[in-house]
Structures are given as C-alpha cells and as structure tokens.
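Some notes on the structure that comes next.
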Amino acid sequence: MVSNTAGKVIRCKAAVAWEAAKPLVIEEVEVSPPQANEVRVKILFTSLCHTDVYFWEAKGQTPLFPRIFGHEARGIVESVGEGVTDLKPGDHVLPVFTGECKECQHCKSEESNMCDLLRINTDRGVMLNDGKSRFSINGKPIYHFVGTSTFSEYTVVHVGCLAKINPAAPLDKVCVLSCGISTGLGATLNVAKPTKGSSVAIFGLGAVGLAAAEGARLAGASRIIGVDLNSTRFIEAKKFGVNEFVNPKEHDKPVQEVIVAMTGGGVDRSVECTGSVNAMISAFECVHDGWGVAVLVGVPNKDDSFKTHPINLLNERTLKGTFFGNYKPRSDLPSVVEMYMNKELELEKFITHRVPFSEINKAFEYMLKGEGLRCIIHMTE
C-alpha cells in the first residue's frame, strides 16, 4: 500500500503556540515528507498532558517558539522514509515522547527503557536526521516538541518513537497510553510489583497517580491508600480501587507516621506521583522495614534534594525511580493496549472531557482549572 501523498508536502491544520502561555492558533502548516528512519503519521485523536502545559507556559527551561505541542495521541501511518521496515502505510500507531532504537546498550538491556538515541529531549525542536523541522508556515520553520507534535493533523516522528498497535483498539481511548497513564501503571506493575493482598500507598491522585492506583488494583492489592492535599479527589479515586484516604493537612504529624500507624508498621509498597520532594521522602519513609519498596515517579524541581536517615535503607527499605513506567515503547506498549482490549485495564474512567480540534484551547482551560483527568481532542470534526 502506497499513499498518494507519499513524498509530497502535505498542507494541514495544526495548533501553533506562537508565544508562551498564549492561546494556540489553528494555522495551515506544511508538513514535509519523512526522511531516513522517519514516519509521517495522520493524527486522529490526541489528548492534553500536564507536560504540554508546563512547556507551553515556558516554566523552568529555555523557551522555544513557535512550536507545535502534543505527545499523547493515536494515528495511522501515511508514509515512511528510507530504511523504515517495521511500519507501512495504514498501520495504527501510538507516538511516544521517548523511543527505542533497539541498538543501544539500554535497549538491549532487559532492565532499562532509557534509549541513548531517543530518550526524551525537551529542548530539541528539530529532527535528529538533519537538525531541521518538518513543519513550516510560508517557509518559516515551526519547532517540534519531544519528537511527536501531535497537535497537528499530520506529524513526522522517528520510527523508534512509534508503537505499532492492534488496529481494532478504539482510536479515541488508547491515545491516552502514550504518556501519563502508562507511566503510572508501569510504575506499579513493573517497578513496585505489589503482590496480591498487599498494601500500597499512592501519593498524588492526578491522572498519573490514579493510573498507579489502577495498577495496584490489577495486581490485587487489598489496601490502596490515596494521599493527596485535595480531599475532593478522593471520591474520583474510588473508581480506581483506592479504598482509604489520607490528607496530610488534616494531621498534626508527618503523613508517613500516620500511614505507619494505620498499617501497623508501614505499607508494602508506595508510589509517589507529585514531584514534591517532601512527598518523595514521605513515600519512602512510610514503607515497611524489611521488605517495603517506594517508587518515585514525579519530577522534582532542579534544586531539590532528597534527605532521609541512612538507617531507613539499612533497615531494608528499597527506594527506586522509574521513567515511563519502565515500558519500552515499541516492545511493551502493544501489550498494554491488549490489557485494555482484554477488559483488564479500564481507560474510559480516565477520559473526562472531549473537544473538537478547533476548540483545543478549552482543553488547556480544563487542565489549568484542575478539572478532570484527560481531555480527548478530536482531530477530524
């Protein structure tokens, strides 16, 4: 199957961020054909993640504009560049902000998903092949974002950042697996690895934290304790298996001491999904000595430091970190999609809003107000 647009520039609509924190503008952009090891993808559904908002606001990094954001999506391959053998036009794919070249020492290791070549790079706004953008408006380059730029009807992605998935999977559901949901789910299933009947504390009940709770539910944990400073999140969290709640603001002692007391020595596993260094310390210090494992998911501020007494480690507590839930994008994401197809993983409850592409700025408004979890953006109206 050969696309009739293969090798040609495609003109399509894209939501362009011209300036930091200013509403996106729907523009007609030119999308160049894919070069070696690249794939051009028609995006059908995309969703908004906190990471998009963070970089759109230009917080904590060198601003790069104009730019096309977006990194959680589902699309269909339109054409492929030279050297691409794993994908063909018509294949259904999930673009992912990090990749899997399958050649570096990380990709060849069963213990790592941190590809040397395609690991996330938030500063790079161009393609690896030639250091140029595939997007332009009247000859002016528009920068890419984390190698995906899914807020465009067509985008160009390195083949190593595309997971080929079951074409029968609902287009508008599995797009949320490209980032946050898989990150939280994998943090629990792949890294914390709770056993059936165990206790798990989840710090932070946003989308990533609730995905971690979903992982604990799938693993058969009997006590899933949600920890959050916003008590209104506790009602929603029950849908994800959370059956006990702690708001640190409602106690006059550190939350780790509260959890240790309520569990008779500490939880078996904890997963931290806030990025707060205090929450990280609490997550570690609330696990049981002898066998407790704490997993850090949230990204801290660059100047933060983690402090705990060494005796907490000597008493056989384990502290781990994770990146994208330890999933290798190309090798592992297809199986996560199958978890949904087999009715094990429930994705519908993560989707709280839907908007047409022309109203993409509403998705930003929902997230800035803290309303809901994931907003699906329908690219074709």
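Atoms considered below: every heavy atom in the structure, side chains included; atoms not considered: hydrogens, waters and symmetry mates.
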Heavy-atom pair with the smallest gap, counting every atom of Val126 and Ser133: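 That closest heavy-atom pairing would be CG1-N, 3.9 Å.
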
Using the six-membered ring wherever Trp is involved, compare the ring planes of [X] and [Y] and label them parallel, tilted or perpendicular (cut-offs 30° and 60°).
X: Phe135; Y: His144; value: tilted
X: Phe234; Y: Phe245; value: parallel
X: Trp291; Y: His288; value: parallel

Can you list the steps and then say if Asn129 with Glu38 is a side-chain hydrogen bond (donor to acceptor under 3.5 Å, both in side chains)? CA-CA 8 Å; Asn129 191 45; Glu38 296 175 358; 4.5 Å; no

Quiz question: by atom type and distance under 3.5 Å, do the side chains of [X] and [Y] form a donor-acceptor pair?
X: His106; Y: Ser112; result: yes
X: His71; Y: Asp52; result: yes
X: Gln35; Y: Asp130; result: yes
X: Ser270; Y: Glu272; result: no
X: Asn230; Y: Thr232; result: yes
X: Tyr327; Y: Glu100; result: no
X: Glu72; Y: Ser178; result: no

Could you check whether atom [atom1] of [X] has more than 12 heavy atoms from other residues, nucleotides or ligands sitting under 6.0 Å from it?
X: Ile235; atom1: CD1; answer: no
X: Lys349; atom1: NZ; answer: yes
X: Asn138; atom1: CG; answer: no

*Please find out if less than 6.0 Å separates the ring center of Phe69 from that of Phe145.*
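Under 6.0 Å, so yes.
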
- Task: Determine, using ring centers only, whether Phe65 and Trp18 are less than 6.0 Å apart.
- Result: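 No, ring centres 6.0 Å or more apart.
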
[X] side chain to [Y] backbone, donor-acceptor under 3.5 Å:
X: Trp56; Y: Lys22; answer: yes
X: Asn113; Y: Phe323; answer: yes
X: Arg269; Y: Ala192; answer: yes

*NZ/NE/NH1/NH2 to OD/OE distance under 4.0 Å, Lys239 and Glu346*: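 A salt bridge is absent here (no side-chain N lies under 4.0 Å from a carboxylate O).
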
message = Do Thr263 and Ile225 make a side-chain contact, defined as non-hydrogen atoms from C-beta onward lying under 4.5 Å apart?
response =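 SC-SC contact between Thr263 and Ile225 confirmed.
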
Margin query: With heavy-atom distances below 4.5 Å as the criterion, would you say the side chains of Leu210 and Arg233 are in contact?
Written below: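 In short, these two side chains do not touch, never coming nearer than 4.5 Å.
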
Discussion item. Test side chain to side chain contact (heavy atoms under 4.5 Å, CB included) on Val337 and Leu345; report intermediate values, then the result.
Written reply: CA-CA 9 Å; Val337 171; Leu345 174 62; over 6 Å; no

Please test Tyr154 against Glu78 for side chain to side chain contact (heavy atoms under 4.5 Å, CB included), starting from the C-alpha separation and ending with a verdict. CA-CA 9 Å; Tyr154 286 85; Glu78 175 270 337; 3.9 Å; yes

**Report entry** Residues Arg74, Asp172; criterion salt bridge (Lys or Arg N to Asp or Glu O under 4.0 Å); working and verdict
**Finding:** CA-CA 8 Å; Arg74 165 79 177 272; Asp172 62 335; over 6 Å; no

Nearest 0.5 angstrom please: Cys107 SG to Asp116 CG, how far?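 Spacing of SG (Cys107) from CG (Asp116) equals 7.5 Å.
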
task: Tell me whether the guanidinium CZ or amine NZ of Lys13 lies under 6.0 angstrom from the six-membered ring centre of Phe357 and within 45° of its axis.
output: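 Geometry flag: not set, cation outside 6.0 Å or 45°.
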
